[in-house]
Amino acid sequence: MKLSTKVKLTIRGYRLYSELFPWALTLTVIQSVMTAIQPFLNIFLSARIIDALVMGEPLQRVMMLVIAIVSANCFVKLTEHACTHAIAVKYVHWRNFSFPQLAKCQETDYEKLENAETHQKIAHLQRVINSTGMGLPRLCWAFQSVIQAVCSLLLSIFLMSGAFISVEGTGVWRVLGSPWLSVCIIGIVLAKCVLDIWWVNHYDAKGYQELGGYTEQNRVGDHYYQNFMTYHAGKDMKLYQMQKILKQEMAQIQMGFRRTTKACAHWSLRKELLCKTTDVLLSAVFYSYVAVKALFGAFGVGSIVQYAGALTQFGAAASLCFTGFASLSANARALSDLFEFLDTPNEMYRGSLSTEKRADRNYTIEFQDVSFRYPGTDTWVLRHVSLQFRIGSRLAIVGENGSGKSTLIKLLCRLYDPTEGRILLNGIDIRKYDYAQYQALFSVVFQDYRLFSLPLGENVAASRHYDAVRVTVALQDAGFGERLAQMPQGLSTYLYRDFDESGVELSGGEAQKIAIARALYKDAPFLILDEPTAALDPVAEAEIYSQLNAIVDDRTAVYISHRLSSCRFCDQIAVFDHGKLVEFGTHEELVSDQTSKYFALWNAQAQYYEKEGQ
């Protein structure tokens, strides 16, 4: 990677860092400067105290120097601590480094989110942060290191400049005053810094390469932990004795972890050993230089302390400075991966037309010769579907598994765009509408809906702030009223025990009712329920449909179900078979045709719906 590219990536990284943590860089500068100043304050003032004692100056002068060093240290340490506390508590939180990825996932096309390659990229970026600290986290401490190092370099040069004064002498001692000796010392420092740069780049590249295998192992390990190592899976684990197979799987993952961790630790150890060894050797050179010149009488005792300390700080600062820049250079690889993911373009056109929020909910949607196949496949899931949603009507979409019912809803909600054909809203292609405004028209309960380990009220409202009365009404309309009365803390009761030991565990039917309540609370013009009663018994199912039929009011309702009980409450029924709309009409019209697909489906389930006496 070219240096110019690395610089651009790093600058962009700091811009993103500043957006995530406003004022953090400013506070880091102050903190770094205070950290750099402290040792030089001690070096300089300690040297003055020693000179004062050696020269027999008055006690008052010595005490003033002592007070000065104590006061300066207190001020520096308090300022440094205040900045560190503000950065750690108010601004920089480790988890926040993942916010850009999370935000990108929120705005990424749903099609890409379902792609396994996207999952691997997200897992890799997260593992880079957690395992190596590369990416945005490294910008944080590398910035601190560089600022501190530059400040230390300037101060050390200022304090140690007197050590390189010319010294008159004869023979071998004349070398001590030679400017060439100073050049040699500086050359040693620069050579050490060049080695540091090479080591950091070389070993960070090796570690990053090893991390590739670590990412996939961790992704698999996280899956097992999240799905099998929690109390949610406890019943199945025990009843099916899955401990043995899980233990074997985890053992294989652990072996992969150990191999990768061992390789990364090996490279890291070699880097640390080489850097520390050269640091010690460089310090030895500095101390020898100062000691020999002091022995020759070039300067006094206090100056020995000052120069020796300043020279040591110079070597450490030079090493830290170049190491910091090298670390930023190596970090460009991680930033490149991050920005490659963040820059992934959305292929779905977002549109700009307003949906014009209507009080009368007068929205008409029409499918015009729509066909669809999922990206990367040649199989048509839907083929030549033409269908119109009547305003304020109840439409049932029925069919066997794999007939394309759920895919139709994904197209309707614009999670995907049709491969062929068009979908119109009030006569205009839905792709021309503002994406967020269009999706706001739909309240959907998907088959794979999710409830979260949050209070009941927040789950229903999808917000921390909500109208408690509306939430309660939505829960009652969804048939959850009786269970709500039993909740120990009402709407504030946590669902599940992930974060609250007093959380409430839900049955499948109860969770489904809450999901329906969430759809009702949104109060969108279109209410879509994909298998809304799959977890309910027939009695509860009939009860829910009866309630929904009463409360849907002027909304357009779409019910997708394997069970045909929903059809009794619907104005129209669309029958799908192998991705095609094969029949459309009312229940009476379709059931009267004994050759129809609907009649076959209804006849197979009729025994569950016929009431006594019918």
Side-chain angles (χ1 to χ4, degrees), residues 20 88-99 101-103 105-106 113 122-123 126-127 129-130 218-219 221-240 242-243 246 250 443-523 532-537 540 544:
L20 285 173
V89 175
K90 189 174 181 180
Y91 292 106
V92 181
H93 301 282
W94 189 260
R95 286 289 182 186
N96 292 6
F97 286 115
S98 300
F99 277 8
Q101 296 95 290
L102 293 175
C105 288
Q106 290 295 318
L113 287 181
I122 295 172
Q126 193 59 42
R127 190 52 49 197
I129 291 176
N130 294 339
N218 238 315
R219 189 173 74 90
D222 287 345
H223 171 79
Y224 276 108
Y225 179 80
Q226 293 170 5
N227 292 280
F228 294 97
M229 305 291 285
T230 64
Y231 71 91
H232 293 292
K235 298 185 290 294
D236 296 285
M237 291 286 293
K238 290 184 178 296
L239 291 175
Y240 290 98
M242 297 180 68
Q243 294 88 339
L246 180 61
M250 293 301 291
S443 291
V444 188
V445 179
F446 292 103
Q447 291 185 52
D448 54 349
Y449 67 88
R450 289 290 183 270
L451 298 181
F452 304 97
S453 296
L454 295 170
L456 173 60
E458 294 182 19
N459 264 283
V460 174
S463 172
R464 285 183 173 240
H465 307 287
Y466 55 86
D467 185 331
V469 175
R470 284 186 57 212
V471 169
T472 302
V473 171
L475 287 167
Q476 290 173 344
D477 289 341
F480 196 78
E482 185 176 340
R483 184 70 174 91
L484 174 61
Q486 300 172 2
M487 290 288 190
Q489 298 177 26
L491 297 179
S492 299
T493 303
Y494 266 80
L495 303 187
Y496 312 116
R497 295 195 297 271
D498 298 284
F499 306 130
D500 191 330
E501 291 184 359
S502 62
V504 173
E505 290 297 314
L506 302 170
S507 68
E510 289 171 340
Q512 205 157 34
K513 289 177 181 179
I514 294 174
I516 293 173
R518 182 168 59 190
L520 294 175
Y521 183 88
K522 186 179 179 181
D523 194 28
T533 59
L536 302 178
D537 58 73
I544 287 291

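- In this structure, the separation between NZ on K513 and CD on E482 is 8.0 Å, given to the nearest 0.5 Å.
- Here the CG-SG distance, from L113 to C105, works out to 5.5 Å after rounding to the nearest 0.5 Å.
- Residues forming a side-chain contact (heavy atoms from CB on, under 4.5 Å) with R464 (at least two apart in sequence, or on another chain): E458.
- Panel note: side chain Y494, backbone L456; no donor-acceptor pair is recorded below 3.5 Å.
- Counting only distance, with no hydrogens or angles, the side chain of Y521 and the backbone of D467 share a donor-acceptor pair below 3.5 Å.
- With rounding to the nearest 0.5 angstrom, the CG atom of N459 is 9.0 Å from the CG atom of L506.
- Shown here are the side-chain contact (heavy atoms from CB on, under 4.5 Å) partners of A468, two or more places apart in sequence or in another chain: Y466, L491.
- The line from CD of Q447 to CD of Q512 is 9.5 Å long, rounded to the nearest 0.5 Å.
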Quiz item: Can you list the steps and then say if F99 with L20 is a side chain to side chain contact (heavy atoms under 4.5 Å, CB included)?
Solution: CA-CA 8 Å; F99 277 8; L20 285 173; 3.9 Å; yes
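- Checking L475, L451, V445, V471 one by one against R518, the side chain to side chain contact (heavy atoms under 4.5 Å, CB included) holds for a single residue, L451.
- Residues P455 and T493 have side chains not in contact (no heavy-atom distance under 4.5 Å, counting atoms from C-beta outward).
- Scanning both residues, R483 and E510, for their nearest heavy atoms gives NE-OE2, 2.9 Å.
- Note: I122 CD1 to S98 OG = 10.5 Å, rounded to the nearest 0.5 Å.
- Counting only heavy atoms from C-beta outward, the side chains of L495 and L454 never approach each other to under 4.5 Å.
- At a threshold of 4.5 Å between non-hydrogen side-chain atoms, the residues D523 and R470 count as touching.
- Looking only at side-chain heavy atoms (C-beta outward), S453 and D500 stay at 4.5 Å or farther from each other.
- Scanning both residues, R497 and G503, for their nearest heavy atoms gives CG-O, 3.5 Å.
- Summarising the local packing, CD of Q486 is surrounded by more than 12 heavy atoms from other residues, nucleotides or ligands at distances under 6.0 Å.
- Taking each heavy atom of I516 and A478 in turn, the nearest pair found is CG2-CB, 4.0 Å.
- Taking every heavy atom of both residues into account, A515 and Y449 meet most closely at CB-CD1, 3.7 Å.
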